[in-house]
Novice: 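This is the structure I want to talk about, given as structure tokens.
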Amino acid sequence: SSPDAGYGCHLALDGIDLPCYVVQTPPANFSELLDVPMERVLVLRMAGYEIESARDLLERHVNASGVLPYDAAIVINTIGSGLLPSIMGNNVTQPRPFDWQYGQASPAQVPVVTVSYGLEATVRSARRLTSLSLEGTWIQNPTSRNVIAVMKQAVPRGSSEGCDLAAGAPVPFYIGTPINGFFRCAGERGAGVALLIALVQDLARRPVRCRSRPRRRCMMPVFGFSSGHDMGDPGIKEGVLPYLRQLAADANISVADVPYVSIGANLASYAEFLGENLEGRGF
């Protein structure tokens, strides 16, 4: 890859360095490939960034013995080849990252990397894979931080206003957002973090007051900033859910009955690009 890419993936075709990104856990015995004819390299196209999708594509090419008869695989990620380039700018040669839940995926049979759709012509016209190497550090027993805040005052407030504390312990109501993204992620996650902080501040200043009848069981807002990039990541599975499970048990309900709201990515973004890309002028 280019020296400043920092993706831990180094790929050269016909002597030309191409930015790349690792798709899934490489083979345990992989060190480096040198001077491999492209006939021994499987080239695939895919739109997306989930490991499972790439793995499904690879499995279509195994032989009767379940072996992938290639020395390496290059996935051309076509995500962004339509509308997104005009939104994201002229960044058509940088690889799109894949989901980081590597612990759920077994190592690949061969090294599998991805390149951007802007380099598809270069990949398909190449005659030899000059070199491919990967670098990185395995982190054993990593830890991360989740921030969980509970509004102890039940809402809607007071049994005279439609919330009956005598009906039982307040039912937890979760509102949260993941806080990690790929590389520079303020535009992706920043809006969700800001919205959640604003929501907490607003509820603290102006508690919800319900005057409906009949009186209902009180709710206890729980706010979470979870580590990880998406819904299935460890911050939620290993941090938030166990916490909600305990709160649910205290309220004598199943965790499946806890209302759960996730604030997604890219709620607010602004992009300006003055130049040309594969789709014409940006904006």
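Starting from 1, each residue takes its place in the sequence as its number.
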Novice: Does CG belonging to Asn252 count more than 12 external heavy atoms closer than 6.0 Å?
Specialist: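 Not buried by this count: 12 neighbours or fewer within 6.0 Å.
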Novice: Tell me the closest heavy-atom pair linking Leu13 and Ala126, and the distance in Å.
Specialist: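 Between these two residues, the closest heavy atoms are CB-CB, 3.9 Å.
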Novice: So do the side chains of Pro19 and Val115 get within less than 4.5 Å of each other, counting heavy atoms only?
Specialist: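 No - every pair of side-chain heavy atoms lies 4.5 Å or more apart.
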Novice: Taking it one step at a time, do Leu11 and Leu129 satisfy side-chain contact (heavy atoms from CB on, under 4.5 Å)?
Specialist: CA-CA 8 Å; Leu11 171 67; Leu129 186 153; 4.2 Å; yes
Novice: Find the distance between CG (Asp257) and CG (Leu244) and round it off to the nearest 0.5 Å.
Specialist: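 Interatomic distance, Asp257 CG to Leu244 CG, rounded to 0.5 Å: 12.5 Å.
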Novice: Using side-chain heavy atoms (C-beta onward) and a distance below 4.5 Å, is His10 in contact with Glu135?
Specialist: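 His10 vs Glu135: side chains touch.
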Novice: Hey, is the main chain of Gly15 close enough, under 3.5 Å, to the side chain of Thr130 for a donor-acceptor pair?
Specialist: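 Here the side-chain-to-backbone pair exists.
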Novice: Scan Asp17, Leu33, Asp35, Leu34 and name whichever one has a side chain to side chain contact (heavy atoms under 4.5 Å, CB included) with Ser131.
Specialist: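 Only one of Asp17, Leu33, Asp35, Leu34 forms a side chain to side chain contact (heavy atoms under 4.5 Å, CB included) with Ser131, namely Leu34.
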Novice: Would you give the length of the straight line joining atom OG of Ser125 to atom CD of Glu120, rounded to the nearest 0.5 angstrom?
Specialist: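 One gets 10.5 Å once the value is rounded to the nearest 0.5 Å.
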Novice: Quick check against the 3.5 Å criterion: does Thr177 have a side-chain atom that pairs as donor or acceptor with the backbone of Gly192?
Specialist: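 Pair absent, no side-chain N/O of Thr177 close to backbone of Gly192.
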Novice: Side chains of Phe173 and Met219: closer than 4.5 Å at any heavy-atom pair?
Specialist: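 Touching, per the 4.5 Å side-chain cut-off.
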Novice: Between Asn180 (side chain only) and Ser227 (backbone N and O only), is there a donor and an acceptor less than 3.5 Å apart?
Specialist: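 Checking the backbone N and O of Ser227 against the side chain of Asn180, no donor-acceptor pair under 3.5 Å is found.
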Novice: State the OG1-CD1 distance between Thr122 and Ile76, to the nearest 0.5 angstrom.
Specialist: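 Reported to 0.5 Å precision, the distance equals 9.5 Å.
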Novice: Measuring from atom CD1 of Ile263 to atom CZ of Arg189, what distance do you get when rounded to the nearest 0.5 angstrom?
Specialist: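 The CD1 atom of Ile263 sits 10.5 Å away from the CZ atom of Arg189.
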Novice: To check you understand the geometry: which heavy-atom pair defines the closest contact between Tyr260 and Tyr174, and what is its length?
Specialist: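 Scanning both residues completely, I find the closest heavy atoms to be CE1-CD2, 3.4 Å.
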Novice: Begin from the C-alpha positions of Leu199 and Ile175 and carry the test side-chain contact (heavy atoms from CB on, under 4.5 Å) through to its verdict.
Specialist: CA-CA 9 Å; Leu199 180 61; Ile175 307 175; 3.7 Å; yes
Novice: Is there a side-chain contact between Leu247 and Val258, using heavy atoms and a 4.5 Å cut-off?
Specialist: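 Heavy-atom side-chain distance check fails, nothing below 4.5 Å.
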Novice: Let me confirm one number: the CG-CG distance from Leu42 to Leu57, rounded to the nearest 0.5 Å.
Specialist: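 Result: 9.0 Å between the selected atoms.
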Novice: Could you tell me the separation between the CE atom of Met38 and the CZ atom of Arg128, rounded to the nearest 0.5 Å?
Specialist: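 Between atom CE of Met38 and atom CZ of Arg128 there are 10.5 Å.
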Novice: Would you say the side-chain atoms of Asp14 pair up with the backbone N or O of Ile16, donor to acceptor, closer than 3.5 Å?
Specialist: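 Absent.
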Novice: Is there a path from Leu58 to Val62 through hydrophobic residues (I, L, V, M, F, W, Y) whose side chains come within less than 4.5 Å of each other?
Specialist: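 Looking at the clustering, Val62 is in the same group as Leu58.
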Novice: Please check this pair: side chain of Ser65 against backbone of Val67, looking for a donor-acceptor N/O pair closer than 3.5 Å.
Specialist: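 Side chain of Ser65 to backbone of Val67, a donor-acceptor pair under 3.5 Å: no, none is there.
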Novice: Is a donor on one side and an acceptor on the other found under 3.5 Å between the side chain of Gln109 and the backbone of Ala72?
Specialist: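 Pair absent, no side-chain N/O of Gln109 close to backbone of Ala72.
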